[in-house]
Amino acid sequence: MFLLHFVICVAAYVVGWIAAFGIGALFQMDASTNLLLFPGLPIAITNAIAASTACRRISSDGARWVWVPWALLIAPYFKYHEFFDALNNIFGPNCGPSECLYVIFQGLPFVGSVVYAITSALVRWNSKEAADLH
């Protein structure tokens, strides 16, 4: 089930990007826009929606681990750079052209996968409470 949840999480990331481009075009945003807000916010929202839908329909056992591949992708960067420099390059809003690629291809997928995992845990917790009430 992990692989299915991972594919759903990546698909939600792509849908979030498409939504962010639509929002960016609607509000005429330029390259100086904070990447954690746009496309970060639409990516987080689409991952939350995807997790809440998927975890109600299929087993949510693998959903809590979707962030691990992205964390493994980011980990070596923290090993070879100073912590705050790596944090700013991967998640920071003030990135140069090359560092923005870290945000786009490593930071935002990690954030989306964490939102997916947290939402799946909340859905699992909520369904467990509902089952206990009956």
Please check if the side chain of Asp85 supplies one atom and the backbone of His81 the other of a donor-acceptor pair under 3.5 Å. no
Donor-acceptor contact present, side-chain Thr46 to main-chain Val15, <3.5 Å: no
To the nearest 0.5 Å, what is the distance between [atom1] ([X]) and [atom2] ([Y])?
{"X": "Phe78", "Y": "Leu87", "atom1": "CZ", "atom2": "CG", "result": "5.0 Å"}
{"X": "Gln106", "Y": "Ile74", "atom1": "CD", "atom2": "CD1", "result": "6.0 Å"}
{"X": "Ile8", "Y": "Asn47", "atom1": "CD1", "atom2": "CG", "result": "10.5 Å"}
{"X": "Thr119", "Y": "Ile45", "atom1": "OG1", "atom2": "CD1", "result": "11.0 Å"}
{"X": "His5", "Y": "Arg64", "atom1": "NE2", "atom2": "CZ", "result": "9.5 Å"}
{"X": "Phe6", "Y": "Ser113", "atom1": "CZ", "atom2": "OG", "result": "8.0 Å"}

For the residue pair Phe110 and Trp67, does the interplanar ring angle fall in the parallel (under 30°), tilted (30 to 60°) or perpendicular (over 60°) class? perpendicular
Over all atoms of both residues, closest heavy-atom pair of [X] and [Y]:
{"X": "Tyr116", "Y": "Ala50", "answer": "CE1-C, 4.0 Å"}
{"X": "Ala117", "Y": "Ser120", "answer": "O-OG, 2.7 Å"}
{"X": "Cys9", "Y": "Val66", "answer": "SG-CG2, 4.4 Å"}

Quick one: does Val103's side chain get under 4.5 Å of Leu108's, heavy atoms only? yes
Kindly indicate whether the side chain of Ile58, heavy atoms from C-beta on, has any atom under 4.5 Å from the side chain of Leu4. yes
Which of Tyr102, Phe105, Trp70 passes ring pair (Phe, Tyr, Trp, His ring centres under 6.0 Å) with Tyr77? Answer is Tyr102
Please assess Asp61 against Phe2 for the test side-chain contact (heavy atoms from CB on, under 4.5 Å), listing each intermediate value before the final yes or no. CA-CA 7 Å; Asp61 294 337; Phe2 166 76; over 6 Å; no
Hydrophobic clustering (ILVMFWY, side-chain heavy atoms < 4.5 Å, transitive) - are Val7 and Leu72 grouped together?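 No, because Leu72 and Val7 fall into different hydrophobic clusters, even though each may have its own neighbours under 4.5 Å.
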ILVMFWY network linking Phe83 to Ile90, side-chain heavy atoms under 4.5 angstrom: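 Same hydrophobic cluster.
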